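In what follows, every chain begins at residue 1, and chains take the letters A, B, ... in the order their sequences are listed. All of these numbers come straight from a predicted model, not from anything done at the bench.
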Amino acid sequence: MDEQPRLMHSHAGVGMAGHPGLPQHMQEGTGGTDGDGRKQDIGDILQQIMTITDQSLDEAQARKHALNCHRMKPALFNVLCEIKEKTVLSIRGAQEEEPPDPQLMRLDNMLLAEGVSGPEKGGGSAAAAAAAAASGGAGADNSAEHSDYRAKLSQIRQIYHTELEKYEQACNEFTTHVMNLLREQSRTRPISPKEIERMVSIIHRKFSSIQMQLKQSTCEAVMILRSRFLDARRKRRNFNKQATEILNEYFYSHLSNPYPSEEAKEELAKKCSITVAQVSNWFGNKRIRYKKNIGKFQEEANMYAARTAVSATNASAHGSQANSPSTPNSAGGYPSPCYQPDRRIQ
DNA sequence: TCTGATGATTGCCT
DNA sequence: AGGCAATCATCAGA
């Protein structure tokens with residue numbers, strides 16, 4: 001530390017050397033010999049500061065030039081930079097090495113998975129595919145919703161990329177500006193390239209925190225869109241008339257045991273263009289509702305029973321099989337509407 | 001707008 | 001795991 005006063009003194013010496021704008025006694029570096037003389041000098045300097053004009057700025061440029069040309073300048077600045085490095089910057093440096101932010105990684109992963117960042121996925125997101133599978137049946141409506149989802153997702157993607165580009169551009173502009181400024185200043189004050197580098201990384205950190213906010217809000221938007229899309233599965237559509245007929249036909253022709261096997265369910269699902277789960281739901285609902293109010297379903301049961309009987313008769317007449325899928329439980333018979341849930345045949 | 005019908009979901013049971 | 005029962009949410013006709 002005892003170096004500094006000496007250095008500062010020599011610095012001052014460099015700065016004042018041969019400057020045309022300063023009083024003669026300042027250029028000589030001696031100052032006044034008595035107290036009144038010193039006060040006079042300080043007063044002169046203050047006076048100069050207070051009366052800076054365009055002309056004095058020109059003088060400052062000349063002074064800067066003189067400073068740059070001084071033979072001691074590079075060595076002096078090197079030493080000053082070293083001292084700075086050892087004090088302030090080393091303290092900051094200890095805090096610089098940060099592990100990758102887990103939250104940022106999570107956001108990046110999610111944006112990648114949803115196809116917002118990274119290469120655009122042709123078939124839309126995993127969420128869309130999952131929801132498409134979940135909603136099963138209504139194909140046309142589903143694909144319409146799917147494309148709606150994709151359109152909204154690509155809108156989010158576009159906004160995200162535009163904003164990201166804007167931030168990156170602003171970051172680059174600002175970094176360049178600060179670097180130029182520091183390089184320029186490094187001619188008149190001790191700034192090492194390392195310090196410039198550090199400043200750049202500080203700027204990048206600031207901008208990346210802004211980017212993180214952008215990523216966060218983008219993720220939120222995707223989540224909202226996704227949940228809205230997945231909720232759409234609750235928007236049920238009634239099965240078409242033909243599907244209902246097929247299901248009812250099976251139900252009433254197997255009234256004594258209305259529990260289709262897995263194969264039968266698959267066959268029904270195929271015929272009705274719905275999922276096996278929907279077939280199961282339908283039979284679950286039908287059984288419980290039939291049981292609760294047999295009287296109400298009497299007419300329907302009779303109608304389907306008659307229809308089944310007719311088709312069975314036709315089938316036997318033509319020597320072919322009946323229309324209903326696989327299980328020939330009550331085939332040929334006239335299933336009376338006497339379903340008793342306790343008497344399952346299994 | 002109301003109301004019954006109906007597909008889906010949930011929690012419990014066997 | 002599959003079924004039952006209750007319930008929810010939406011559709012569709014009056």
Base, sugar-phosphate alone, or nothing: which one does [X] contact when heavy atoms must sit under 4.0 Å apart?
{"X": "A:N285", "answer": "base"}
{"X": "A:F239", "answer": "sugar-phosphate"}
{"X": "A:K296", "answer": "sugar-phosphate"}

- Message: Please enumerate all residues that pass side chain to side chain contact (heavy atoms under 4.5 Å, CB included) together with A:N238, with sequence neighbours excluded.
- Response: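 For A:N238, the residues satisfying side chain to side chain contact (heavy atoms under 4.5 Å, CB included) (neighbours in sequence not counted) are A:R236.
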
- Message: Is it true that, when you exclude A:F207 itself, more than 12 heavy atoms of the residues, nucleotides or ligands shown sit nearer than 6.0 Å to its CZ?
- Response: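 Counting other residues, nucleotides and ligands, CZ of A:F207 exceeds 12 neighbours.
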
Among [options], which nucleotide has an atom closest to any side-chain atom of [X]?
{"X": "A:K292", "options": "C:dA6, C:dC4, B:dG7", "result": "C:dA6"}
{"X": "A:N238", "options": "C:dC4, C:dA12, B:dT9", "result": "C:dA12"}
{"X": "A:K265", "options": "B:dG7, C:dG3, C:dC4", "result": "C:dG3"}
{"X": "A:Q278", "options": "C:dG2, C:dC11, B:dA8", "result": "B:dA8"}

- Between A:F251 and A:F283, how do the two ring planes meet: parallel, tilted or perpendicular, split at 30° and 60°?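 Rings of A:F251 and A:F283: tilted, as their planes differ by 30° to 60°.
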
- So, is A:R237 near the phosphate of B:dG7, with a side-chain N or O under 4.0 Å from OP1 or OP2?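 For B:dG7, neither OP1 nor OP2 has a side-chain N or O of A:R237 closer than 4.0 Å.
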
- Item | Interatomic distance where NZ belongs to A:K286 and P belongs to B:dT6 [whole Å] |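 After rounding, the gap between these two atoms is 7 Å.
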
- Set of side chain to side chain donor-acceptor pair (under 3.5 Å) partners for A:K296, sequence neighbours left out: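 For A:K296 there are no side chain to side chain donor-acceptor pair (under 3.5 Å) partners, ignoring immediate neighbours.
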
